[in-house]
Amino acid sequence: MIYHGNRFTLRPDASPEQVEEALESLRNQGRVIPSVKSFVVGRDFGGEYTWGAVFVLEDLDGYWEYLIHPAHRNTDRVGLPLVDKFASFDVTDDEDPDMAAKIAELHQRRYDNDAELTKLVSDLGEYSGSAAPGKHGE
């Protein structure tokens, strides 16, 4: 299993309506993407972020389906412009020593095929995660 997590802090100028639209889009990902087995979206406690989401996926094929699904793309479109700081991370019980590289390759393939997404992530104030694009990967 792969637990894919996101932690983020929104820009102070994000309106309550925009915040709710972005959070609802994250929840919708959990409801409609077939490879998502379980999910949670809500407040993030115990760190420097204010919001978080975790999506449970069975394997790399499911991870890829999650990454390219239209529901995920919608969240990128409505949510990323509101984000100041963002961290993406994965926890897995898979003992494959190459798992980190395989996950990074999925993210890199997605960035390579979506210039708009790459720009949205590159323009974030702070980003950490697999295959971080732009200034965040330097």
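Worth saying up front: this structure is predicted, and the values here are computed from it rather than measured.
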_Separation of Asn113 CG from Gln108 CD (nearest 0.5 Å)_ = 10.0 Å
*asked:* For a 4.5 angstrom cut-off between non-hydrogen side-chain atoms, does Asn6 reach His4?
replied: yes
*Group every Ile, Leu, Val, Met, Phe, Trp and Tyr by side-chain heavy-atom contacts under 4.5 Å, then state whether Leu106 and Phe55 land in the same group.*
yes
*Spell out, yes or no, whether Val56 and Phe89 are grouped together once hydrophobic residues are joined by side-chain heavy atoms under 4.5 Å, including indirect joins.*
yes
*asked:* Using side chain to side chain contact (heavy atoms under 4.5 Å, CB included), reason through Gln29 and Val36 one step at a time and then give a plain yes or no.
replied: CA-CA 8 Å; Gln29 286 178 206; Val36 173; 5.8 Å; no
*To the nearest 0.5 Å, how far apart are CE in Met99 and CD1 in Ile2?*
5.0 Å
_Per the side chain to side chain donor-acceptor pair (under 3.5 Å) rule, what does the pair list look like for residues 33-43, sequence neighbours excluded?_
Ser35-Glu65
*Taking NZ, NE, NH1 and NH2 as the nitrogens, is one of them in Arg27 or Glu24 under 4.0 Å from a carboxylate oxygen of the other?*
yes
_Single-linkage hydrophobic cluster, 4.5 Å side-chain cutoff, Phe8 and Leu82 together_ = yes
_Over all atoms of both residues, closest heavy-atom pair of Gly52 and Asp44_ = N-CB, 4.0 Å
*What is the ring orientation for Tyr127 with Phe86, classed by angle as parallel under 30°, tilted 30 to 60°, or perpendicular over 60°?*
parallel
*Following the transitive rule for hydrophobic clusters with a side-chain heavy-atom cut-off under 4.5 Å over Ile, Leu, Val, Met, Phe, Trp and Tyr, establish whether Val54 and Leu23 coincide in one cluster.*
no
*Hey, quick one: are Val40 and Met1 part of the same hydrophobic cluster, counting side-chain heavy atoms closer than 4.5 Å, chains of contacts allowed?*
yes
*asked:* Rounded to the nearest 0.5 Å, what separates atom OG in Ser130 from atom NZ in Lys102?
replied: 14.0 Å
*Give, for atom CG of Leu26 and atom CZ of Phe39, the distance between the pair rounded to the nearest 0.5 Å.*
9.5 Å
*Could you check if a side-chain atom of Val32 sits within less than 4.5 angstrom of a side-chain atom of His69, using non-hydrogen atoms only?*
yes
*Under the side chain to side chain contact (heavy atoms under 4.5 Å, CB included) rule, what do Leu117 and Leu80 come out as? Steps first, then yes or no, please.*
CA-CA 9 Å; Leu117 169 67; Leu80 286 175; 3.8 Å; yes
*Closest heavy-atom contact between Ser88 and His107?*
OG-CE1, 4.4 Å
*Measure the CD-CG distance between Glu105 and Leu60 for me, rounded to the nearest 0.5 Å.*
9.0 Å
_Looking at every non-hydrogen atom in both residues, tell me the closest pair between Ala131 and Ala104 and how far apart they are._
CB-O, 3.5 Å
*Are Arg110 and Asp114 ion-paired here, with the side-chain N under 4.0 Å from a carboxylate O?*
no
_Asn74: side chain to side chain contact (heavy atoms under 4.5 Å, CB included) partners, not counting sequence neighbours_ = Ser25, Arg77, Val78
*asked:* Going by salt bridge (charged side-chain N to carboxylate O under 4.0 Å, His left out), name the pairs with one or both residues in residues 78-90, residues two or more places apart or in two chains.
replied: Glu48-Lys85
*Please tell me if the side chains of Leu120 and Val83 come closer than 4.5 Å, counting only heavy atoms from C-beta onward.*
no
*CH2 of Trp64 to CG of Leu57: how many Å apart, nearest 0.5 Å?*
13.5 Å
